[in-house]
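These notes concern the structure reproduced below.
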Amino acid sequence: METNKYKLFINQDDYSNIELVKMPADENYYDFIEQQSRLNKDQFLLTSRLMIAFMLCVLKDSDNCVNNIELYDDEDIVAHDRIMNILNQYRNHQVDEKTLHDLLFFIENDYSVDFASVEYSNIESGNFTIKSNGVCILSGNEPYWIETILDSLKEAWA
């Protein structure tokens with residue numbers, strides 16, 4: 001399965017215009033960012049709060065699930081395990097969406113959790129990873145994931 005990297009940008013003149021731009025495999029990351037900046041685009045970065053809101057939007061499709069999360073503090077095993085446990089409970093219909101929302105925001109505040117990345121999968125569409133720096137790694141049905149990412153981000157960002 002082919003894997004491609006994309007980067008999230010927001011238009012400097014219209015902050016409601018979020019877009020995914022495919023990253024050339026052979027181009028330096030910082031040169032790519034500079035090139036996009038000249039096109040009037042700013043990097044779109046995801047705070048932990050936005051990452052959680054985004055997660056809740058992606059998971060509205062019951063075929064999507066979270067495979068793994070990576071926290072900036074990779075030694076915070078308690079928070080990582082607690083979040084994964086809550087997500088598994090949600091997938092198994094043991095907690096509802098509101099409870100998931102409340103628990104994730106409580107953990108984010110209580111543990112000062114910072115998400116580095118979240119990996120999602122869908123049995124029919126493959127998987128994708130979104131990083132807090134706005135890099136998205138897509139494998140599988142790219143049109144599905146691009147639409148899911150942009151729609152979920154627009155909803156979470158609103």
Side-chain angles (χ1 to χ4, degrees), residues 1-61 63-76 79-80 82-84 86-87 90 97 100-101 103-109 111-122 124-158:
M1 205 177 304
E2 185 179 349
T3 299
N4 289 302
K5 285 187 180 182
Y6 289 78
K7 174 77 172 145
L8 287 164
F9 289 95
I10 192 163
N11 188 297
Q12 294 172 358
D13 298 323
D14 179 6
Y15 284 128
S16 67
N17 186 9
I18 301 169
E19 60 184 284
L20 270 173
V21 178
K22 191 171 187 176
M23 297 173 61
D26 58 345
E27 188 172 356
N28 176 285
Y29 177 78
Y30 296 104
D31 292 341
F32 173 69
I33 299 299
E34 185 178 323
Q35 174 192 32
Q36 295 302 310
S37 180
R38 286 192 301 267
L39 296 172
N40 212 28
K41 298 175 187 175
D42 288 332
Q43 294 185 68
F44 189 88
L45 307 176
L46 289 90
T47 64
S48 289
R49 188 159 291 267
L50 182 55
M51 192 77 91
I52 291 171
F54 174 78
M55 184 186 310
L56 294 168
C57 293
V58 172
L59 293 177
K60 285 182 180 179
D61 180 337
D63 291 333
N64 295 337
C65 67
V66 173
N67 287 349
N68 195 28
I69 60 169
E70 182 182 342
L71 304 176
Y72 274 108
D73 182 359
D74 57 358
E75 294 181 10
D76 195 349
H80 175 274
R82 189 156 183 207
I83 292 168
M84 290 306 298
I86 292 165
L87 290 167
Y90 179 73
E97 185 178 336
L100 174 65
H101 175 275
L103 288 171
L104 289 175
F105 278 111
F106 172 78
I107 291 171
E108 188 248 346
N109 286 326
Y111 288 84
S112 298
V113 168
D114 288 318
F115 288 87
S117 67
V118 180
E119 180 188 347
Y120 299 87
S121 68
N122 178 302
E124 293 181 8
S125 299
N127 58 39
F128 85 94
T129 299
I130 188 166
K131 299 182 178 191
S132 62
N133 68 353
V135 170
C136 299
I137 304 165
L138 283 60
S139 180
N141 184 346
E142 284 192 25
Y144 171 80
W145 286 127
I146 289 170
E147 181 179 350
T148 298
I149 292 167
L150 292 176
D151 289 349
S152 297
L153 265 179
K154 287 176 184 171
E155 184 178 341
W157 180 243

What's the spacing between Gln36 CD and Asn11 CG if we round to 0.5 Å?
11.0 Å
Pairs involving residues 18-38, ordered by first then second residue, that meet ring-ring contact (aromatic ring centres under 6.0 Å, His included) (sequence neighbours left out)
Phe9-Phe32
What's the shortest heavy-atom distance between Val118 and Met51, and which atoms?
CG2-CG, 3.9 Å
Those residues at least two apart in sequence (or on a different chain) that pass salt bridge (charged side-chain N to carboxylate O under 4.0 Å, His left out) with Glu142 are none
Can you list everything that forms a side-chain hydrogen bond (donor to acceptor under 3.5 Å, both in side chains) with Asn67? Sequence neighbours excluded, please.
Glu119, Ser121
If you count heavy atoms of other groups shown closer than 6.0 angstrom to CD of Glu147, is the number above 12?
no
Residues at least two apart in sequence or cross-chain that pass salt bridge (charged side-chain N to carboxylate O under 4.0 Å, His left out) with Lys41, listed by chain then number, are Glu19
Enumerate the side-chain hydrogen bond (donor to acceptor under 3.5 Å, both in side chains) contacts for residues 126-140, please, sequence neighbours excluded, ordered by first and then second residue.
Tyr72-Ser132
For Glu27, enumerate each residue passing the side-chain hydrogen bond (donor to acceptor under 3.5 Å, both in side chains) test, keeping only those at least two apart in sequence or located in another chain.
none
Listed by chain and number, what are the side-chain hydrogen bond (donor to acceptor under 3.5 Å, both in side chains) partners of Asn109, not counting sequence neighbours?
Arg49
Please test Val66 against Ile83 for side-chain contact (heavy atoms from CB on, under 4.5 Å), starting from the C-alpha separation and ending with a verdict.
CA-CA 10 Å; Val66 173; Ile83 292 168; over 6 Å; no
Assess the residue pair Leu8 and Tyr6 against the criterion (side-chain contact (heavy atoms from CB on, under 4.5 Å)); give the C-alpha distance rounded to whole Å, side-chain angles, the decisive distance to 0.1 Å, and a yes or no.
CA-CA 7 Å; Leu8 287 164; Tyr6 289 78; over 6 Å; no
Show me the donor-acceptor pairs, under 3.5 Å and distance only, between side chains in residues 151-158 and residues at least two apart or in other chains.
residue	atom	partner	partner atom	Å
Ser152	OG	Thr148	O	2.8
Glu155	OE2	Lys60	NZ	2.4
Trp157	NE1	Tyr15	O	3.3

Which heavy atom in Ile86 sits nearest to a heavy atom in Leu103, and how many Å separate them?
CD1-CB, 3.8 Å
Could you walk me through whether Asn68 and Glu70 satisfy the side-chain hydrogen bond (donor to acceptor under 3.5 Å, both in side chains) test, starting with their C-alpha distance in whole Å, then the side-chain angles of each, then the deciding distance to 0.1 Å, before giving a yes or no?
CA-CA 7 Å; Asn68 195 28; Glu70 182 182 342; over 6 Å; no
Minimal non-hydrogen separation, Ala79 against Val113, with atom names:
CB-CG2, 3.8 Å
Using the side chain to side chain contact (heavy atoms under 4.5 Å, CB included) criterion, which residues pair with Ser125? Sequence neighbours excluded.
Asn122, Asn141, Tyr144, Trp145
For Leu45 versus Leu50, what's the shortest heavy-atom pair and its separation?
O-CD2, 4.2 Å
Determine whether Leu39 and Val21 satisfy the following criterion, side-chain contact (heavy atoms from CB on, under 4.5 Å), listing intermediate values before the conclusion.
CA-CA 12 Å; Leu39 296 172; Val21 178; over 6 Å; no
Who are the side-chain hydrogen bond (donor to acceptor under 3.5 Å, both in side chains) partners of Glu97, not counting sequence neighbours?
none
Go through the steps to decide whether Leu100 and Met55 satisfy the test side-chain contact (heavy atoms from CB on, under 4.5 Å), and finish with yes or no.
CA-CA 10 Å; Leu100 174 65; Met55 184 186 310; over 6 Å; no
